[in-house]
K.L.:
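Here's a structure for you.
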Amino acid sequence: MSVLNMFHKHPELNTASILLVETERQHQDKLAEAILAAQRSFNVNVHLADSLPLPTRNEANRPRIDLVVFIVNHFSSRSLELTKSYLQHLDVMYFLGRLCFLVNDARSAKSDPDKLHAVREMAAKYSSPLLFTELQTEQGLATAADRLLVFTKVSAGFVPGVSSLFLNTLTSCSHPMESSSNTLVDTD
Amino acid sequence: MAAAGSEPLGEAADCSAENTVDMDVFQKLNTASQKLGQAVKINYWTPADPTSNNEESYKYMFRLKQQLAKQCEDMKIRLKIDEDYNFLNPISEAKPDITEALTELETAKNQHQKTTLALHRAQVACTISEKVVKEDKQTESIKETVNHTLRLYSQILNLQEEGNKLRSQVQEVRKKRLTLKKDALMNMVEIRKVSKMKEKKVQSMKSEVLKQGQEYLEKYLNIADLTENVFQGLILGSNVNWATDPHLREIVLQLEKNFSV
């Protein structure tokens, strides 16, 4: 089973690489463009994929991937299942802060709270951050790109004193609570 | 340190006013060492701005150096993981440590959030009080809302007190009911006991009385039989004509009646 490995390649000077994985290829391109257009002080390579494992014929040309982003489509449960199966092809070191889940348009009317709950549970299980984005608007794209760049900076080692695991402990998703918001709790 | 070292050099450059060539050189050296000192000062964290990606600038060099150092640290961590890997029990040894660390982390996060909330609250209160003092156009609305909230708070307190009183009353009533029930049960049990005892007594008495009565009856019947037999014997033995006297006839026939019965 081919596994995407973190430390099998040398990092390039002042360059970071992001891998965007999305099963339906809806928002990858726009997000990649936004990342490349964002203000940054280092070079970024954005790789797009719709499944893992990555094809082996490009293995030699591919640089070291610093951040893996899974764009989960929470309108279909199939996307969630496929994403879970892709996680098997990642090296262990990615789960320590070099992995990120992304959900688009969670505020829309046709979103199912159960499916959102399931995505949150998965993110909490692998203690990775879960970003809620609005990739339909320009401002949303720019915001998402900035947030992802912060993650890449830390996981590529461009911020001295901050390791990806430190950032992960602050940004990892917590287990969602049971939805019992009807009980009023007495404070103090 | 380099910045401090450059100062006396500058003074020395100022003193020697005759040799202008030397001064130029010294000045250049001075400026260069000052820059170096500044760069060393910010060596801990060289800020990254997109404009300073000029390949030759000092800042860029230092930033690259820091990046490479950090990447080497990451790789060292990866190697250390392999060194420390316990093949027999990879997780179980560290599990209590992990759970402890996670709980500590959660408490630290919560603490931080609480303190930020408290800080925000303090800041808001401060700005509100300043505004109120300043007698701005917003002062009226602020005062209104504050008064409204105070009224609501007093209402809340009153209602809570009432609720507490009612609750305690309900509790007392329940207690009384409970004691009454217990008493009723006890009384019923006693009543049953007493009635049972009475029945037993009555029955035993009845049987006793019956027995005694029967005994007496038998005794007296025997006595009566005896006396009758004795009288009959007397009458027959005394050769009296008992057929003529009705009383004597009665007594003798009585025996036959008894025998036939």
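Just so you know, these numbers use all the heavy atoms, side chains as well, and skip hydrogens, waters and symmetry mates. Chain letters run A, B, ... following the sequence lines, proteins first and then strands; every chain starts at 1.
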K.L.:
Would you say B:K28 has more than 12 foreign heavy atoms packed within less than 6.0 Å of its NZ?
P.N.:
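Atom NZ in B:K28 is not packed in, count stays at 12 or less.
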K.L.:
Looking at A:A156, is its backbone amide N or carbonyl O close enough to the side chain of B:Q71 to form a donor-acceptor pair, meaning the two atoms are under 3.5 Å apart?
P.N.:
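Answer holds: yes.
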K.L.:
How close do A:G161 and B:K70 get, counting heavy atoms only, and between which atoms?
P.N.:
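Residues A:G161 and B:K70, closest heavy atoms: N-CE, 3.9 Å.
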K.L.:
Is there a side-chain contact between B:L68 and A:L13 in this structure, where contact means two heavy atoms from C-beta onward sitting under 4.5 Å apart?
P.N.:
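Side-chain contact under 4.5 Å: yes.
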K.L.:
Side chain from CB out, backbone as N, CA, C, O: work out which of these in A:V92 comes under 4.5 Å of a heavy atom of chain B, or both, or neither.
P.N.:
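Neither part; nothing is under 4.5 Å.
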K.L.:
Taking atom OG of A:S127 and atom CG of B:L102, what is their separation to the nearest 0.5 Å?
P.N.:
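Answer for the OG-CG pair, A:S127 versus B:L102, is 8.5 Å.
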K.L.:
Taking everything shown except A:R25 itself, do over 12 heavy atoms lie less than 6.0 Å from its CZ?
P.N.:
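For A:R25, atom CZ is crowded (more than 12 foreign heavy atoms under 6.0 Å).
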K.L.:
Under the 3.5 angstrom rule, does the side chain of B:K109 hit a backbone N or O of A:T169 as a donor-acceptor pair?
P.N.:
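Yes, the answer is positive, given that a donor and an acceptor are paired below the 3.5 Å cut-off.
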K.L.:
Looking at chain A, which one of B:M75, B:E106, B:H112, B:E73 has the largest number of heavy-atom pairs inside 4.5 Å, strictly under?
P.N.:
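Most heavy-atom pairs under 4.5 Å with chain A: B:M75.
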K.L.:
Applying side chain to side chain contact (heavy atoms under 4.5 Å, CB included) to A:F7 and B:D74, what does each step give before you reach the verdict?
P.N.:
CA-CA 9 Å; A:F7 287 109; B:D74 282 341; 4.2 Å; yes
K.L.:
Answer yes or no: are there more than 12 heavy-atom neighbours, outside A:E138 itself, under 6.0 Å from its atom CD?
P.N.:
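12 or below, so no.
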K.L.:
Side chains of A:N14 and B:Q67: does their closest heavy-atom pair fall under 4.5 Å?
P.N.:
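Side-chain contact under 4.5 Å: yes.
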K.L.:
Could you tell me whether B:E140 atom CD has more than 12 heavy atoms of other residues or ligands within 6.0 Å of it?
P.N.:
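No, not enclosed.
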K.L.:
Considering only heavy atoms from C-beta outward, does the side chain of B:Q66 approach that of A:V159 to under 4.5 Å?
P.N.:
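No. Closest side-chain heavy atoms not under 4.5 Å.
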